[in-house]
Amino acid sequence: MKEVRTRFAPSPTGFMHVGNLRTALYEYLIAKSSNGKFVLRIEDTDQERLVEGAVDVIYDTLKQVGIVHDEGPDVGGPYGPYVQSQRKDMYLPYAQELVKNGKAYYCFCTKERLDSLNEGENAFGGYDRHCRDLSQEEADKLLKEGVPYVIRQKMPITGSTTFVDAVYGEITIENSELEDQILIKSDGYPTYNFANVIDDHLMNITHVVRGCEYLTSTPKYNLLYEAFGWELPTYVHLPMIMGKNEDGSVSKLSKRHGSTGFSDLVNDGYLPEAIINYIALLGWCPKDNQEVFTLQGLVEHFSIDGISKSQSIFDYDKLTWLNGEYLRAMTLEQFTQLAMPSYKQVFPQTDLNWDLMSSILQPRVTQLNQIADMIGFFKELPEYSAELFVNKKSKTNLENSVTMLEAAIPVLERLDTWTAEAIHDTLLALPEQLEVKNGTLLWPVRIAAAGMTVTPGGAIEILAILGKDETLRRLNIGLEKLKEANKE
RNA sequence: GGCUCGUUCGUCAAGAGGUUAAGACACCGCCCUUUCACGGCGGGUUCACGGGUUCGAAUCCCGUACGAGUCACCA
């Protein structure tokens, strides 16, 4: 059995769309699940769209998610170079061979003529094959005169072309639908379509994996393989990733739906592992419906027949949930390490009990970038209304809250060892004495300590993190606020 | 518009002629509880529509509708 070889062939645009990343992931998984090779090839044949540093974005992304390529521009390999602009001179001879065999031809049509074909009421819709039947003498003459040219593929006029896709099955396209596409551009560079076929063959790629936007142009590729007498690869076309619009309609995932780039998602506080895990599940389902996977787990479970045919909508809610699962699954130390930049953002100078902080945050955080907002109240007591002390379920009101704080403050003042455990024992002795439920005491304490109704962690943890001095200061502020409110 | 592909809860989806049509996210309710979260339990008109084929269709066939892709010297 031939070794499986797949390739990720991005254009260096400086941006890694999640759709691209998913394609890379599936290519990697297809190769690795059968012990094959995964190749990285940079497709930079469009000289007008070159972006500085764009290739690094590709390396960085793959590195962050743990997808390792066996061959590529940076690591080399037996089929190099792996950058198309460095392979430029390889393509023309193949195109010329096609011309010689009558499968392609020189075209001298100007841009203006081409444009005019698609204008006005006589719009033709495509190329009219004007140069297809130029005699060899004419072509040679124009070539000698230095008239700019492109090389176009000569498509069959009649009949149809059928191919089998591993996901979509048998697909037939009428040859009359196929345009005489350009193989070599007037700047001498090959088009994507042509370079792709040549390189995939030269690099022994066995599985061509790509988005299904290429589905209907696949016959053009196959006609090229046939013209050269090369073996066809296995095609694996992937369904698109879509986004849901406000009005309920669906369109290709783009900025207006949210973050669509890998680095955007990371900035939003998502973990690379969670992003990869989520993306793997968008359009693919394992036999046993498992949902949480490491990259290695995906390699072990992946199979092409689990790829779905229909487009799927990127669901930020589910990604968020999955990210929370990853966050909760890690050790406290790992969590603290990831959270530390946020901790330091809020407390650049001070050190708090970060372990305790992490222990209350870890079950609650779903995106790392929420942390700074969640812990802001530790740094500064928010402005709040005395009304917050009133809570039906805890049976607290403006009057008994005073009693609770007046009971809590002195015992806390006498407490020397300021640990969560000691605070717990001290505070929880009070409700019994006062003959109230725990919540009746703890609600006002927490409100006074935090100045908000919803907090990560309970009163005890919050006091422990705040420290004795700050706790007492805040409880007294709360007490004053209550007395003030009761006066009115 | 031509061509190609697709359509199972709001979303991701299992399902391959006979199932009470899984599971997950989201949502709602209850429990746990020191608020929130975590965790536990429970809930909901889901097979686009219309015809066939069949004893029997989410599954097979044909139409229709809707959605998407594609028709570049972009990839």
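A note on names: the letters A, B, ... follow the listed sequences, proteins ahead of strands, and every chain is numbered from 1. Quick note: numbers below take in every heavy atom, side chains included, and nothing from hydrogens, waters or symmetry partners. Here the structure is a predicted model, which means the values were calculated and not measured.
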Angle class for the A:Tyr105/A:Tyr127 ring planes (parallel below 30°, perpendicular above 60°, tilted otherwise)?
parallel

Would you mind classifying the nucleic acid contact of A:Thr172 as base, sugar-phosphate or nothing, using non-hydrogen atoms under 4.0 angstrom?
sugar-phosphate

By the 4.0 Å heavy-atom rule, please label A:Cys107 as base, sugar-phosphate, or nothing.
nothing

So what does A:Thr453 hit on the nucleic acid, given a heavy-atom distance under 4.0 Å: a base, only sugar-phosphate, or nothing?
base

Which pair of non-hydrogen atoms, one from A:Gln367 and one from A:Asn323, has the smallest distance, and what is that distance?
CA-ND2, 3.9 Å

Walking RNA chain B from its 5' end, the first of A:Glu291 and A:Pro286 to be reached, judged by nearest nucleotide, is A:Pro286

Whole angstroms only, please: what is the CE-P distance between A:Met240 and B:rU11?
19 Å

From CD of A:Glu174 across to P of B:rC71 the rounded distance in Å is 18 Å

Across the strands shown, which category fits A:Val150 at heavy-atom distances under 4.0 angstrom: base, sugar-phosphate, nothing?
base

Identify whether NZ of Lys or CZ of Arg in A:Arg22 sits under 6.0 Å from the centre of the six-membered ring of A:Tyr26 and within 45° of that ring's axis.
yes

May I ask you to evaluate whether A:Lys185 reaches the phosphate of B:rC74, defined as a side-chain N or O under 4.0 Å from OP1 or OP2?
yes

Reckon A:Ser312 touches a base, only the sugar-phosphate, or nothing at all at heavy-atom distances under 4.0 Å?
sugar-phosphate

Classify A:Lys393 by what it touches in the nucleic acid, base, sugar-phosphate, or nothing, heavy-atom distance under 4.0 Å.
base

Would you indicate which nucleotide in B:rU4, B:rC38, B:rA68 comes nearest to any side-chain atom of A:Arg328?
B:rC38

Atom C1', compared across B:rA14 and B:rA58: separation rounded to whole Å:
12 Å

Whole-Å gap separating C1' (B:rC5) and NE2 (A:His237)
11 Å

What's the closest nucleotide to the A:Trp321 side chain, out of B:rU70, B:rA24, B:rA37?
B:rA24

Would you mind classifying the nucleic acid contact of A:Gly283 as base, sugar-phosphate or nothing, using non-hydrogen atoms under 4.0 angstrom?
sugar-phosphate

Examine the base of B:rC73 for any acceptor or donor lying under 3.5 Å from a partner atom in the side chain of A:Ser186, and report the outcome as yes or no.
yes

Give A:Met452 one of three labels, base, sugar-phosphate or nothing, depending on what nucleic acid heavy atoms sit under 4.0 Å from its own.
nothing

So A:Tyr343 and A:Trp354, would you call those rings parallel, tilted or perpendicular, with 30° and 60° as cut-offs?
parallel

Please classify the nucleic acid contact of A:Thr13 as base, sugar-phosphate, or nothing, using heavy-atom distances under 4.0 Å.
nothing

Do other residues, nucleotides or ligands put more than 12 heavy atoms under 6.0 Å from the NZ atom of A:Lys255?
yes

Rounded to whole Å, how long is the line connecting atom CG of A:Asp187 with atom P of B:rA72?
18 Å

In this structure, how many angstroms lie between the C1' atom of B:rU70 and the CD atom of A:Glu179, rounded?
12 Å

Out of B:rC73, B:rA26, B:rG6, which has the shortest distance to the side chain of A:Asp317?
B:rA26

Closest to the A:Ser310 side chain: B:rU4, B:rU11, B:rG6?
B:rG6

Is the phosphate of B:rU34, meaning OP1 or OP2, less than 4.0 Å from a side-chain N or O of A:Ser394?
no

Geometric cation-pi criterion A:Arg364 and A:Phe335, 6.0 Å radius, 45° cone
no

On a plain distance test, is the side chain of A:Arg446 in donor-acceptor contact with the base of B:rU35 below 3.5 Å?
yes

Does B:rU34 have its OP1 or OP2 closer than 4.0 Å to a side-chain nitrogen or oxygen of A:Asn438?
yes

Check every strand shown and say whether A:Leu281 touches a base, only sugar-phosphate, or nothing at a heavy-atom separation below 4.0 Å.
sugar-phosphate

Counting the atoms with a prime plus P, OP1 and OP2 as sugar-phosphate, which does A:Tyr278 contact under 4.0 Å by heavy atoms, base, sugar-phosphate, or nothing?
nothing

Whole angstroms only, please: what is the CD1-C1' distance between A:Ile184 and B:rA72?
16 Å

How is A:Ser11 classified with respect to the nucleic acid when contacts are heavy atoms under 4.0 Å: base, sugar-phosphate, or nothing?
sugar-phosphate

Without decimals, in angstroms, what is the distance between A:Ile42 CD1 and B:rA75 C1'?
13 Å

Do A:Asn193 and A:Thr191 meet the criterion of a side-chain donor-acceptor pair at a distance under 3.5 Å?
no

So, under a plain 3.5 Å distance rule, would you say the side chain of A:Lys318 forms a donor-acceptor pair with the base of B:rA24?
yes

Between C1' of B:rC5 and NZ of A:Lys309, the distance in whole Å
10 Å

Counting any heavy atom closer than 4.0 Å, what does A:Glu43 reach on the DNA or RNA strands: base, sugar-phosphate only, or nothing?
sugar-phosphate

